Asker: 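Before I ask anything, let me first share the structure, which is written out below as structure tokens.
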Amino acid sequence: MDRVFVTRMIPESGIKMMKGALDVRIWENKMPPSKKEIIERSKGCVGLVSLLSDPIDAELMGCLDDLKVISQYAVGYDNIDVQAATERGIIVTNTPGVLTETTADLTWALIMAASRRIGEAERFVRRGDWKVAWGPQMLLGNDIFGATLGIIGLGRIGEAVARRSEGFEMRVLYTTRSSNERTERVEKELNATRVDLDTLLQESDIISIHVPLTNETRGFIGKREFAMMKKGSIFINTSRGAVVDERALVESLKSGHLGAAGLDVFQNEPIHMDNPLLKLENVVLVPHIGSASFATRSKMSTMVAENVITALKGERPPNIVNPEVLNNE
Ligand code: GLV
Ligand code: GLV
């Protein structure tokens with residue numbers, strides 16, 4: 001039977017599917033395996049089910065001669081050297097689509113929490129600082145309704161975030177690399193307007209970024225971009241930490257130029273306890289939980305299973321990232 005290694009315990013739904021068709025080995029520890037441990041445990045495996053925190057690079061692939069498919073349990077795959085995989089004839093798959101709405105929900109949780117200071121207010125209550133029943137000037141925040149929402153990167157998630165603004169009667173601005181059906185749809189249905197990045201930064205009250213991490217987007221939002229944002233604006237990131245210059249973000253939050261931020265992703269995950277973000281009141285921090293709903297994580301699990309099973313049958317997996325690998329054969 002074809003052997004696959006799964007780098008962490010994922011929801012049962014996909015494990016069950018894989019066990020019906022494959023010899024499945026699972027990393028049972030709570031702490032992730034190191035690169036060396038992934039290599040050791042994957043020896044002789046034709047399939048690898050990976051997480052976004054696993055470094056799947058050329059060195060690792062070079063040690064695994066039998067590997068035919070890497071099935072990533074995430075939509076983003078910046079942890080995988082796809083080019084190296086393609087050169088070795090290894091198929092790479094991901095889990096797009098299923099987590100779009102779940103991640104858009106979390107993005108909105110952060111928009112609301114950052115705008116209305118929910119994290120800070122929660123800490124205030126728990127600390128016992130709530131001493132006066134009602135404060136005319138206590139914990140005032142920003143209105144969301146009627147504000148201008150700027151979406152950087154109009155992919156599936158960007159669109160789903162934009163769509164959720166409808167009940168808030170917002171003006172929606174967006175940037176994207178190319179016009180397509182999605183841009184036509186949001187312009188028509190949401191009355192959204194495509195603008196250049198600088199206009200979006202200057203005119204939005206709330207900015208949310210939805211781009212994949214690539215060589216072009218690394219450090220995309222830095223000092224210059226934060227300086228261009230309106231004073232008091234809100235910045236949200238549920239994509240990848242490295243698309244933002246975190247030091248510039250901290251400076252902008254500290255100076256009060258940026259009103260608040262809501263972050264699900266960081267330059268280093270888990271966040272180090274000496275990270276200056278932990279000391280700031282005007283930032284809401286959550287630990288990379290964009291897709292973390294029961295239903296979605298379970299669907300992602302069946303998706304990685306289907307991808308790995310079809311690829312090992314010699315068929316085209318539904319969510320292939322590097323289709324050119326099939327033509328090379
Ligand atoms: C989560 O960050 C994902 O890429 O699925
Ligand atoms: C993710 O599904 C995206 O393309 O935005």
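Atoms within each ligand, like the ligands themselves, are counted from 1 in listed order. Only a predicted model underlies this, so the values are computations on that prediction, with no experimental measurement involved. One-based numbering along the sequence shown.
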Asker: Closest heavy-atom contact between Ser71 and Val304?
Answerer: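 Residues Ser71 and Val304, closest heavy atoms: OG-O, 3.0 Å.
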
Asker: Between Asp245 and Arg247, is a salt bridge (Lys or Arg N to Asp or Glu O under 4.0 Å) present by the stated rule, with each step listed?
Answerer: CA-CA 6 Å; Asp245 174 349; Arg247 200 181 300 189; 5.5 Å; no

Asker: Under a 4.0 angstrom heavy-atom cut-off, which atoms of ligand 1 come close to His288?
Answerer: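 Those qualifying, in numeric order: 1 (C), 2 (O).
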
Asker: On a heavy-atom basis, I'd like to know which of Gln72, Met300, Arg297, Arg240 is closest to atom 4 (O) of ligand 1.
Answerer: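 Nearest option to atom 4 (O) of ligand 1, by heavy atoms: Arg240.
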
Asker: Are more than 12 heavy atoms from other residues, nucleotides or ligands located less than 6.0 Å from atom CZ of Arg88?
Answerer: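 Check passes, neighbour count above 12.
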
Asker: Report, in ascending order of atom number, the atoms of ligand 1 lying under 4.0 Å from any heavy atom of Leu99.
Answerer: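 That gives atoms 5 (O) of ligand 1.
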
Asker: In Å and rounded to the nearest 0.5 Å, what is the CD to CG distance from Glu59 to Leu64?
Answerer: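 It comes to 10.5 Å.
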
Asker: For Phe226 and Phe235, take the angle between the two ring planes, folded into 0 to 90°, and tell me which bin it lands in: parallel under 30, tilted 30 to 60, perpendicular over 60.
Answerer: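 Phe226 and Phe235: perpendicular rings.
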
Asker: Any nitrogen or oxygen of Ser239, main chain or side chain, under 3.5 Å from a nitrogen or oxygen of ligand 1?
Answerer: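 No.
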
Asker: Could you tell me whether Val265 approaches ligand 1 through its side chain, its backbone, both or neither, with non-hydrogen atoms closer than 4.0 Å?
Answerer: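 For Val265, no heavy atom sits under 4.0 Å from ligand 1.
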
Asker: Mind checking whether Val75 has an N or O less than 3.5 Å away from an N or O of ligand 1?
Answerer: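 Yes, Val75 has an N/O under 3.5 Å of an N/O on ligand 1.
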
Asker: Is Leu52 touching ligand 1 with its side chain, its backbone, both, or neither, if touching means heavy atoms under 4.0 Å apart?
Answerer: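 It is the side chain that touches ligand 1; the backbone stays farther off.
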
Asker: Looking at Arg126, I want to see if its CZ is surrounded by more than 12 non-hydrogen atoms of other residues, nucleotides or ligands under 6.0 Å.
Answerer: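 For Arg126, atom CZ is not crowded (no more than 12 foreign heavy atoms under 6.0 Å).
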
